[in-house]
Number of protein chains: 2
Amino acid sequence: MTRQEATQRTAQRAAQRTPLNRERVLRAAVALADTTGIDALSMRRLAQELDVVPMALYKHVANKEELLDGMTDAVVGEIDPPGPGPDWRHVVRARILSARRVLLRHPWAARVIESRTGPTPAVLEYLDSTAGIFREGGLSADLTHHVMHAMGSRLLGFSQELFATPGPSEPGEASGPPDPGLAERYPYVAELAAASHDGDSAVGGGCDDQFEFEFALDLLLDGFERLRERGWTSAR
Amino acid sequence: MTRQEATQRTAQRAAQRTPLNRERVLRAAVALADTTGIDALSMRRLAQELDVVPMALYKHVANKEELLDGMTDAVVGEIDPPGPGPDWRHVVRARILSARRVLLRHPWAARVIESRTGPTPAVLEYLDSTAGIFREGGLSADLTHHVMHAMGSRLLGFSQELFATPGPSEPGEASGPPDPGLAERYPYVAELAAASHDGDSAVGGGCDDQFEFEFALDLLLDGFERLRERGWTSAR
DNA sequence: ACCTGAACACCGTTCAAGT
DNA sequence: ACCTGAACACCGTTCAAGT
């Protein structure tokens, strides 16, 4: 094949394929992770899947971390929004079970989501609307704060909180841009953050991780003890 | 430097350093992960830290996965054994808080432990002795089984069970070697496994993940509702 | 101005050549 | 027989050369 023929072939391939965009990159990445596993997902392999040179991906995602962020949002976006209903427990239950079904469809997603250094927009949206169910069900902001922490904790030693809380920032020193729209877009999350420290209105401030951990632990232990007293047994 | 000089230097370095062994490799790996993070831990970097050629590591660990297994065992081994005490809740509480302190010392460990495809010996030991606290505290084997699952679950969508249960094996077809010593070494784990399926005595058989998930979820939700009714508030 | 092939600085692991 | 340097088949990402 002459050099000219090779150039023509490249041009033909470019003409045939639908032009790349962020959406198509993310969809292909999710599909590739679903079928081959997250370890086999590389920028080079993904580019190959899309019949594209590796560098072409960098026009739509800044780097691999941003690709994983995008994949997280794509997956979390699959979770059903909260349904209507007078009973907050039924609504939460259906929501969490929907999330579980989504994560079972994408076995790599839980680890990827937990590896994000900060919550992505879709995750924030998910947390916010879930907190909203509790609040509208009559739980106080304070209780909702601890309830959300408890839902995200894993007590058997092998646990960190859902997202590492940033270190306590110096008073009066904002950590990064204040992002004034955040409280409007995610009112319940903002409320949770506000409930976590006395009188300070900055979002994303320090949570008392130790307290949250012990809250969830004690709540579960009390529940276990109650079942024990009752002589509880599963219907098997 | 002549070739001969270089050879002499290599020989001197080899004479000076204490000979490598698995223990020293694992300790160095844990220290390196502690100080530089898990992403910076590579076989090559670890070898460099030990003043050794990369291939030398492969005499003490088969590959990187086995290195991570060894690091897991080293860290889980730091958790205090269960103390004495008449109240199982106090004993469990102290144990879990000890585990938490260990994982806070090694921030990379939780993710590494959860990424192991199977439980390492120290993890099995930890799970077994923890289950033992419940059993000796008077909880039934059935209840202890579900309690252990609940302690390892993370409900806020972002959750898989602690270790993926192997797919249901064909009846009468053992998945891998039966490992007859397992039930003796880890009696409570064996008991848990036995409690998870009706009459079948094979260890490590199928758990009803869906049931375990909903058990933990409902237990927490009931706890939340009780707090809500009480108008609970944290002392802040 | 735009695109991209080659290059860079890494990986984990294999293997054959050298002592 | 043993050890290990070089090599292999990958990475994510940079950058300059080419059109």
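Note that this is a predicted model, so its numbers are computed, not measured. Residue numbers start from 1 in every chain, and the chains themselves are labelled A, B, ... in the order their sequence lines are given, proteins ahead of strands.
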Inset, instruction - Search all heavy atoms of A:T72 against all heavy atoms of A:V112 and return the closest pair with its distance. - result: OG1-CG1, 3.6 Å
Legend entry - All pairs passing salt bridge (charged side-chain N to carboxylate O under 4.0 Å, His left out) where residues 27-41 of chain A contributes a residue, at least two apart: A:E23-A:R27
Legend entry - Those residues that, when tested against B:R111, pass side chain to side chain contact (heavy atoms under 4.5 Å, CB included) (two or more places apart): A:S115
Inset, instruction - Return the residues of residues 54-61 of chain A meeting this criterion: a heavy atom under 4.0 Å from some atom of DNA chain C. Order them by number, or give none. - result: A:M55, A:K59
Legend entry - B:N63: partners by side chain to side chain donor-acceptor pair (under 3.5 Å), with sequence neighbours left out: none
Inset, instruction - Scan residues 57-71 of chain A for pairs that pass salt bridge (charged side-chain N to carboxylate O under 4.0 Å, His left out), counting only residues two or more places apart or in two chains. - result: A:R22-A:E66, A:E65-A:R116, A:D69-A:R116
Legend entry - Non-hydrogen atoms of A:A74 and A:V30 that approach each other most closely: CB-CG2, 4.3 Å
Legend entry - Nearest-angstrom distance from the residue atom CD1 of B:I38 to P of C:dG12: 11 Å
Legend entry - side chain to side chain donor-acceptor pair (under 3.5 Å) involving A:R101 - partner list, sequence neighbours excluded: none
Inset, instruction - Work out which heavy atom in A:I133 is nearest to a heavy atom in A:P82; give both atom names and the distance. - result: CD1-CB, 3.8 Å
Legend entry - Spacing between A:M43 atom CE and D:dG12 atom P, to the nearest angstrom: 7 Å
Legend entry - Distance-minimising heavy-atom pair for A:V75 and A:A109: CG1-CB, 3.9 Å
Legend entry - B:R44: side chain to side chain donor-acceptor pair (under 3.5 Å) partners, not counting sequence neighbours: none
Legend entry - Spacing between B:Q48 atom CD and C:dG12 atom P, to the nearest angstrom: 12 Å
Inset, instruction - Please name all residues satisfying side chain to side chain contact (heavy atoms under 4.5 Å, CB included) with B:A47, sequence neighbours left out, ordered by chain then number. - result: B:V52, B:P54, B:L57
Legend entry - Nucleic acid contacts of residues 27-37 of chain B, taken as heavy-atom distances under 4.0 Å to DNA chain D: none
Legend entry - Residue-level proximity of residues 62-75 of chain A to DNA chain D when a heavy atom falls under 4.0 Å: A:N63, A:K64
Inset, instruction - Please state the P separation for the pair D:dG18 and C:dC8 - nearest whole angstrom. - result: 15 Å
Inset, instruction - Pull out every stem in DNA chain D, meaning runs of 3 or more consecutive Watson-Crick or G-U wobble pairs with both distances under 3.5 Å. - result: C:4-8 with D:12-16, C:12-16 with D:4-8
Legend entry - Proximity to the side chain of B:R44 - top-ranked nucleotide from C:dG5, C:dG12, D:dT4: C:dG12
Inset, instruction - Could you tell me the separation between the CE atom of A:M71 and the CG atom of A:L41, rounded to the nearest 0.5 Å? - result: 5.0 Å
Inset, instruction - Only counting residues at least two apart or in another chain, list the ones meeting side chain to side chain donor-acceptor pair (under 3.5 Å) with A:S129. - result: A:R95
Legend entry - B:D39 CG - D:dC11 P separation (whole Å): 17 Å
